[in-house]
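Letters A, B, ... mirror the listed sequences (proteins, then strands); counts begin at 1.
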2 protein chains.
Amino acid sequence: MEQKPSVTVDIVLFTLMGDDLKVLLVKRKYPPFKDSWAIPGGFVKIDEQLDEAAIRELKEETNVSNVYLEQLYTFGEPKRDPRGRVITICYVGLVHHENFKLKASTDASDVSWYSAYSLPKLAFDHKDIIEFALKRLRGKIGYSNIVLGLLPEEFTLSELQRAYEIILNKQLDKRNFRKKIFALEIIKEVAGKMKGKFRPAQVYRFVSKEIGTFKVEFRPNF
Amino acid sequence: MEQKPSVTVDIVLFTLMGDDLKVLLVKRKYPPFKDSWAIPGGFVKIDEQLDEAAIRELKEETNVSNVYLEQLYTFGEPKRDPRGRVITICYVGLVHHENFKLKASTDASDVSWYSAYSLPKLAFDHKDIIEFALKRLRGKIGYSNIVLGLLPEEFTLSELQRAYEIILNKQLDKRNFRKKIFALEIIKEVAGKMKGKFRPAQVYRFVSKEIGTFKVEFRPNF
DNA sequence: TCAAAAGTGTTGTGTGTACACCCATGT
DNA sequence: ACATGGGTGTACACACAACACTTTTGA
């Protein structure tokens with residue numbers, strides 16, 4: 001029997017904070033790449049579903065739970081890990097930055113959110129992986145309600161639009177944005193206004209709590 | 001050190017034959033699923049790129065080479081293989097059904113093309129994998145020149161349209177189809193006419209030999 | 001001359017895009 | 001009263017969808 005590769009899962013977890021798209025990184029406590037930042041992940045157990053492994057690793061390494069996850073791509077370059085052959089099945093995750101407190105595990109000396117638009121030096125091929133994940137997110141935003149993973153249950157149209165703008169890194173026209181979103185019928189008004197310093201805004205929710213693709217294409221070129 | 005899963009690659013290879021979309025299957029010579037049909041694939045070697053493994057397995061098991069391949073998805077259900085934990089990284093492949101001769105390897109008692117629209121009973125979770133692959137193909141046909149993997153270098157517009165129709169399983173309007181294809185500027189006329197029994201047809205080629213996505217969306221609802 | 005596939009335009013409908021002003025509130 | 005973000009409509013250009021007849025060839 002020939003030798004087997006090791007198999008890991010790694011997770012690119014996005015969230016929105018302020019006007020920025022953030023990625024969750026952990027600081028490695030042990031070699032290789034000791035003290036470098038990396039995306040969270042770890043070995044798949046022998047009897048564990050791949051997505052369960054991703055959920056478990058996220059929880060263990062960073063204390064983050066309750067996340068939308070989807071499989072991204074499998075990276076298997078023979079030399080991507082100096083310790084030997086490691087094939088990694090990568091996931092994209094989305095959360096509304098919220099209730100949980102980040103907490104570094106025993107494997108990590110630190111955990112933190114970093115801007116997806118200005119990343120530190122990263123371990124392994126993790127930079128490529130994050131770029132791949134960002135492409136996926138940008139792609140799917142155009143034909144699915146995937147943003148719901150990044151927003152709270154209730155939100156205003158301006159918040160929704162800001163989410164699109166941050167992810168696409170592009171300004172959108174307010175009137176056209178609203179017209180399209182309504183035409184897609186993916187959100188609905190709920191009673192109540194969001195109060196801020198200025199005029200209160202109508203509150204909305206997604207019609208569905210599940211992430212799925214539209215029947216109708218939506219490519220915002222506003 | 002905990003026990004490691006095994007890692008395989010499997011390939012869903014499509015081709016067009018007559019008016020049908022075909023998938024390449026091999027008949028298993030050994031248990032588990034002895035005498036069932038399955039998609040070609042096998043174990044990844046310890047120092048081998050994933051896509052090289054896919055190319056190698058295709059060649060070894062079926063004698064098919066010179067194929068467009070892209071990674072599809074990784075299936076890792078702990079019980080998907082009765083022998084133990086096997087994680088499989090699946091690929092979609094496209095070929096123009098052409099020069100090579102199918103040839104069963106030592107592991108397979110037979111190799112054959114089957115209609116993607118009426119498959120036999122398949123080993124493991126291979127039915128799910130093929131359905132997944134077909135969805136990918138249908139999706140990508142709308143925003144990439146991926147059909148070029150299924151066609152010869154030179155072809156007529158009717159052949160191109162038939163390829164779309166077979167994959168989408170839907171009739172398209174000839175005039176609208178031509179208008180859109182020309183607008184996309186992905187094919188160019190070449191000198192020469194294709195002669196058949198009837199009126200000869202203009203011959204075309206793809207502008208690019210590489211598969212890539214359009215700048216412009218193309219969703220044929222003709 | 002007939003059978004079969006190749007080739008060709010127009011019109012109505014809907015969607016994308018550009019663009020500017022008034023409204024409601026808290027300070 | 002003013003600063004700030006919330007909220008609204010219209011016109012033009014372009015893409016999509018529906019639709020039928022003529023042309024070219026081999027047999």
Side-chain angles (χ1 to χ4, degrees), chain A residues 16 18-19 138 141-143 151-152 154-166 168-205 213-222, chain B residues 16 18-19 141-144 151-152 154-166 168-205 213-222:
Chain A
L16 297 170
D19 283 340
R138 282 189 180 152
I141 213 180
Y143 60 88
L151 290 174
E154 304 200 331
F155 50 86
T156 67
L157 281 175
S158 300
E159 285 166 349
L160 182 61
Q161 183 176 342
R162 215 165 305 131
Y164 274 84
E165 288 176 334
I166 293 165
L168 297 172
N169 211 6
K170 180 190 210 175
Q171 297 233 145
L172 306 179
D173 179 89
K174 197 177 13 167
R175 281 170 293 188
N176 293 338
F177 180 79
R178 286 167 186 234
K179 214 184 306 171
K180 278 197 199 167
I181 289 290
F182 291 136
L184 290 170
E185 300 182 317
I186 54 168
I187 61 168
K188 60 183 179 202
E189 280 194 14
V190 299
K193 299 275 182 184
M194 200 72 91
K195 296 201 177 189
K197 281 189 195 163
F198 307 107
R199 176 173 176 178
Q202 179 60 52
V203 175
Y204 294 85
R205 268 172 201 270
T213 57
F214 305 151
K215 319 101 211 162
V216 170
E217 183 71 10
F218 173 43
R219 335 211 102 232
N221 308 334
F222 300 105
Chain B
L16 296 171
D19 283 340
I141 213 181
Y143 59 91
S144 78
L151 290 173
E154 304 199 332
F155 50 85
T156 66
L157 280 175
S158 301
E159 285 165 350
L160 182 61
Q161 183 177 340
R162 214 165 305 132
Y164 275 83
E165 289 176 334
I166 293 165
L168 297 172
N169 210 6
K170 180 190 209 177
Q171 299 234 144
L172 305 180
D173 179 89
K174 194 171 23 161
R175 282 170 292 186
N176 292 338
F177 180 80
R178 285 167 187 235
K179 214 183 306 170
K180 278 197 202 169
I181 289 290
F182 290 137
L184 290 170
E185 300 180 319
I186 56 168
I187 61 169
K188 60 184 177 199
E189 279 195 14
V190 299
K193 298 275 182 185
M194 201 73 89
K195 295 202 177 188
K197 281 188 195 162
F198 307 108
R199 177 173 175 177
Q202 179 60 53
V203 175
Y204 294 85
R205 266 172 202 270
T213 57
F214 306 151
K215 319 100 213 163
V216 170
E217 184 70 14
F218 173 42
R219 333 212 101 234
N221 309 333
F222 301 102

If the cut-off is 4.0 Å, is B:Arg178 near the phosphate of C:dG7, judged by side-chain N/O to OP1 or OP2?
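For C:dG7, OP1/OP2 do have a side-chain N/O of B:Arg178 under 4.0 Å.
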Would you say A:Ser158 places a side-chain N or O within less than 4.0 Å of OP1 or OP2 belonging to D:dG5?
no
Write out a two-atom table: protein N or O, nucleotide N or O from nucleotides 23-27 of chain C, distance below 3.5 Å.
from   : atom 1 : to       : atom 2 : distance (Å)
C:dC23 : O2     : A:Arg199 : NH1    : 2.9
C:dA24 : O4'    : A:Arg199 : NE     : 3.4
C:dG26 : O4'    : A:Lys197 : O      : 2.5

Just compare [options] and give me whichever is closest to any side-chain atom of [X].
X	options	value
A:Ala201	C:dT10, D:dG6, D:dC19	D:dG6
B:Arg175	C:dG9, C:dA6, C:dA18	C:dG9
A:Lys174	D:dT8, C:dA18, D:dG7	D:dG7

Could you give the [atom1]-to-[atom2] distance, from [X] to [N], as a whole number of Å?
X	N	atom1	atom2	value
B:Phe182	D:dC14	CZ	C1'	20 Å
B:Ile181	D:dA15	CD1	P	15 Å
B:Gln202	D:dT24	CD	C1'	14 Å
A:Lys170	C:dG16	NZ	P	13 Å
A:Gln171	C:dT17	CD	P	16 Å
B:Met194	D:dT24	CE	C1'	17 Å
A:Lys180	C:dT15	NZ	C1'	9 Å
B:Asp173	C:dT10	CG	P	16 Å

Are any non-hydrogen side-chain atoms of B:Glu165 and B:Lys170 less than 4.5 angstrom apart?
no
Just wondering, do B:Ile181 and B:Gln161 contact through their side chains at under 4.5 Å, heavy atoms?
no
Would you kindly check whether a donor in the side chain of A:Lys179 faces an acceptor in the base of C:dT15, or vice versa, at under 3.5 angstrom?
no
With A:Phe182 via side chain to side chain contact (heavy atoms under 4.5 Å, CB included) - residues at least two apart
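Listed in chain order: A:Leu157, A:Arg178, A:Ile187, A:Tyr204.
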Can you name the residues that form a side chain to side chain contact (heavy atoms under 4.5 Å, CB included) with A:Glu154, not counting sequence neighbours?
A:Val190, A:Val203, A:Arg205
Calculate, to the nearest 0.5 Å, the distance between atoms CD1 and CG belonging to A:Ile141 and A:Leu168 respectively.
5.0 Å
Between atom CG of A:Leu184 and atom NZ of A:Lys179, what is the distance when rounded to the nearest 0.5 Å?
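The distance works out to 13.0 Å.
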Between A:Ala163 and A:Leu151, what is the shortest heavy-atom contact and its length?
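The answer is CB-CD2, 4.2 Å.
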